Amino acid sequence: MADIFKTLSRRSFLFSAGAAGFVASSGLATPFYARGYGRPEFIHGVQSGDVDTSSGMIWTRVDRPSRVSVEYSTTESFSNPLRLADLTATPQTDCAVKCSLDGLLPDQDIFYRFTATDLYDVNRVSEPVTGRFRTAPLRKRSIRFVWSGDTAGQGWGIDDVGMKTYSTMRQHEPDFFIHSGDTIYADNPIPDEIKLRDGGVWKNRVVTHEKRDVARTLEEYRGQWKYNLLDDHVRQLNAVCPTFYQWDDHEVLNNWSASTDLRDDGRYPEKDVAVYAERSARAFNEMTPIRMPATQPGRIFRKVGYGPLLDVFFVDLRSYRGANQSEDGGGALFGWRQVDWLKRELAASRAVWKVIACDMPVGLVVWDDYTNRRGSDAIANGDNGPPTGREREFADLLRFIRDNGIDNLVWLTADVHYTAAHHYDPTRAAFKEFTPFWEFVSGPLHSGTYGPKELDMTFGPEVRFIKASGGGIDQNLPPSAGLQFFGIVDINGQTQQMTVRLMDRQDQELWRVTLDPAAIA
């Protein structure tokens, strides 16, 4: 297996390092590397995402410059398929392509397929690659989705087992999957092996050249995504389940903000973290089926309406934040434009349940400088008192939600590499102007598992369930330890109740709660 992926990695390198310049300078001349092997291949499978009642995004990547045909049908046999205009896969996007399927019927199975023709040799045509998804309903039918975060972190890459949690989630046949950030670990190289504390050895059976060091160039950021897509479990889930993506810090660099100081970090030749954030954001857009507004390219916060029972609001706590290390405790985290958007969309929502997919937890203290307990990377700042710093922005949002009677709101997150259920109540809080709410934490998908974070009582959190590593020397446990987690959310179409289950990668149910909607509570 290792030899096969070394070959693929070299092919990827040839495209990323030289294809763009060569194609630009040679007109329609056939590059030597396009003549040297057979038909085009879709090495990284397919993806769908941001599916609503009438549309869905679809994505694929081909291994060379190609003309890519797109067809879709409501039958698996592709009887009477509809064909879209061809897409052109070029080195400018690392030969990745995506498009929106529009005008679909609600609650409808959609089967789609891509076929690639070598851009320089029309006789070389790929085998088709296929995927499917189901559009959101307009009726009140039951909905199931899963969520988690944190993929390929801390050097734990694709071993003999692979990223098994993805297959475990697939067995539940979810309508969609929310990837709650840390979708890649651009700052965590993947070595060939890692020595375990018990004397054993973790062997990464797949290692590509882009993953042997931190990502700095656009090609290296793209390579982080391609690495994850070499895993069978990931590709199999992607082929049958839409993924709704958001990002966090490790898409660029741990805890990055305007105060990130790279002057003494020899790994990064450019010392402005914004340079790397821009490259990562471009790769994020190219390598996922995320839908971004044409008027606001790069915008990750958005709403996906999933019928009368559910609206999902994806927030971005990374792109608009102030400095983590600052005298005012960090200042903005959402940023005023995003806060205004979120207030407006929440107030306008007519869905029974409103889920806020948040890339960081509300009441857990995440220090920017963990050793010295300085700076806040998240909302909570550890003082357990009235809102200060970034907590003020969040307090204003909670007050707005209460004052406008916005009910049935649940927060989902990842980031901290363990699973937990938190209940927030003003009777326990230093700040009291809000309606009680739940926050559910899950992850990692395939990364190290860590011990619990400390609670900040500004918003009155209470831990109702937790499963984590033991802390201390038991930090950063490998995926083989079994402490990899995801969550399942079921909304019953008849009772409109929401049931949340916290699961591990062995598919054991760890904890559950059923919530009644306020309208019939």
Side-chain angles (χ1 to χ4, degrees), residues 180-182 246-250 252-261 273-274 277 300-301 313-343 346 356-403 409 411 413-416 420 422-437 439 441 452-463:
S180 301
D182 291 342
Q246 61 190 144
W247 77 344
D248 191 25
D249 56 336
H250 287 287
V252 181
L253 179 66
N254 184 46
N255 292 358
W256 69 273
S257 74
S259 61
T260 297
D261 188 352
V273 72
I300 293 171
F301 70 83
F313 303 86
F314 294 87
V315 297
D316 176 3
L317 302 192
R318 193 57 54 177
S319 301
Y320 311 100
R321 65 173 53 212
N324 285 352
Q325 299 283 348
S326 62
E327 293 182 1
D328 67 350
L333 192 61
F334 291 86
W336 68 267
R337 287 184 178 86
Q338 185 174 197
V339 168
D340 284 354
W341 164 83
L342 184 56
K343 288 178 177 178
L346 285 172
I356 297 184
C358 190
D359 45 295
M360 300 202 78
V362 172
L364 297 179
V365 181
V366 182
W367 299 109
D368 183 57
D369 181 350
Y370 179 81
T371 301
N372 298 303
R373 296 170 64 86
R374 292 182 61 250
S376 172
D377 189 53
I379 295 167
N381 56 27
D383 64 9
N384 296 296
T388 58
R390 288 171 173 157
E391 293 170 340
R392 291 193 295 265
E393 190 180 49
F394 191 73
D396 174 69
L397 176 61
L398 290 185
R399 185 187 297 111
F400 174 88
I401 291 169
R402 184 203 63 177
D403 292 349
L409 196 149
W411 294 72
T413 190
D415 182 64
V416 290
H422 301 146
H423 185 259
Y424 293 79
D425 194 297
T427 62
R428 296 186 294 265
F431 173 77
K432 299 184 179 299
E433 300 174 56
F434 68 97
T435 305
F437 65 93
E439 173 188 59
V441 185
K453 300 287 187 182
E454 62 184 277
L455 290 176
D456 184 308
M457 295 307 297
T458 298
F459 302 110
E462 179 179 72
V463 177

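Nothing here was measured: the structure is a model prediction, and the numbers come from that model.
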### Task
Side-chain contact test, heavy atoms from C-beta onward, threshold under 4.5 Å: evaluate it for Thr458 versus Asp383 and give yes or no.
yes
#### Entry: Distance-only polar pair, side chains of Asp368 and Ser257, donor-acceptor under 3.5 Å
no
#### Entry: pair Trp411-Tyr424: side-chain heavy atoms closer than 4.5 Å
no
### Query
Which atom pair, heavy atoms only, marks the closest approach of Phe314 to Trp341?
O-CH2, 3.9 Å
### Query
Got Pro426 and Glu433 here, is their nearest side-chain heavy-atom distance under 4.5 Å?
no
### Message
Quiz question: by atom type and distance under 3.5 Å, do the side chains of Asp359 and Trp247 form a donor-acceptor pair?
### Response
no
### Query
Is it true that a side-chain atom of Glu393 and a backbone atom of Arg390 form a donor plus acceptor pair closer than 3.5 Å?
no
### Query
Below 4.0 angstrom, N of the basic side chain to O of the carboxylate: do Asp396 and Lys343 qualify?
yes
### Under 3.5 Å donor-acceptor, Asp456 side chain and Gly382 backbone
yes
### Task
Give the minimum heavy-atom separation between Pro361 and Ala414, together with the two atoms involved.
CD-O, 4.1 Å
### Query
Could you walk me through whether Phe437 and Leu398 pass the side-chain contact (heavy atoms from CB on, under 4.5 Å) check?
CA-CA 10 Å; Phe437 65 93; Leu398 290 185; 3.9 Å; yes
### Query
Are any non-hydrogen side-chain atoms of Asn255 and Thr260 less than 4.5 angstrom apart?
no
#### Entry: Where Gln246 and Cys358 come nearest, the two heavy atoms and their spacing
OE1-N, 3.8 Å
## Note on the structure
Rounded to the nearest 0.5 angstrom, the CG-CZ distance for Leu346 and Phe313 is 4.5 Å
### Side chain to side chain, Val463 and His422, heavy atoms closer than 4.5 Å
yes
### Summary
To the nearest 0.5 Å, atom CZ of Arg374 lies from atom CG of Asn324 at 11.0 Å
### Query
Looking only at side chains, do Gln338 and Asp316 share a donor and an acceptor under 3.5 Å apart?
no
### Flag, side chain of Glu391 to backbone of Asn381, donor-acceptor distance under 3.5 Å
yes
### Message
Working to the nearest 0.5 angstrom, can you tell me the gap between Thr413 OG1 and Leu364 CG?
### Response
8.5 Å
### Message
Quick check: do Asp248 and Leu317 have side-chain heavy atoms less than 4.5 Å from each other?
### Response
no
### Task
Flag the pair Pro461 / Val362 as yes when at least one side-chain heavy-atom distance between them is below 4.5 Å, and no otherwise.
no
### Message
Please determine whether side-chain contact (heavy atoms from CB on, under 4.5 Å) holds for the pair Val315 and Phe334, giving the CA-CA distance in whole Å, both sets of side-chain angles, and the decisive distance to 0.1 Å.
### Response
CA-CA 8 Å; Val315 297; Phe334 291 86; 4.2 Å; yes
### Query
Between Ile379 and Leu333, is a side-chain contact (heavy atoms from CB on, under 4.5 Å) present by the stated rule, with each step listed?
CA-CA 8 Å; Ile379 295 167; Leu333 192 61; 3.5 Å; yes
### Task
Inspect the contact between Asp377 and Arg318 and indicate whether a charged nitrogen and a carboxylate oxygen are less than 4.0 angstrom apart.
yes
### Query
So which heavy atom on Trp256 is nearest to which on Val273, and how close?
CB-CG2, 3.9 Å
### Atom of Ser376, atom of Ala378 and distance for their closest heavy-atom approach
OG-O, 2.9 Å
### Summary
Here the pair of heavy atoms bringing Tyr370 nearest to Trp367 is CA-CB, 3.8 Å
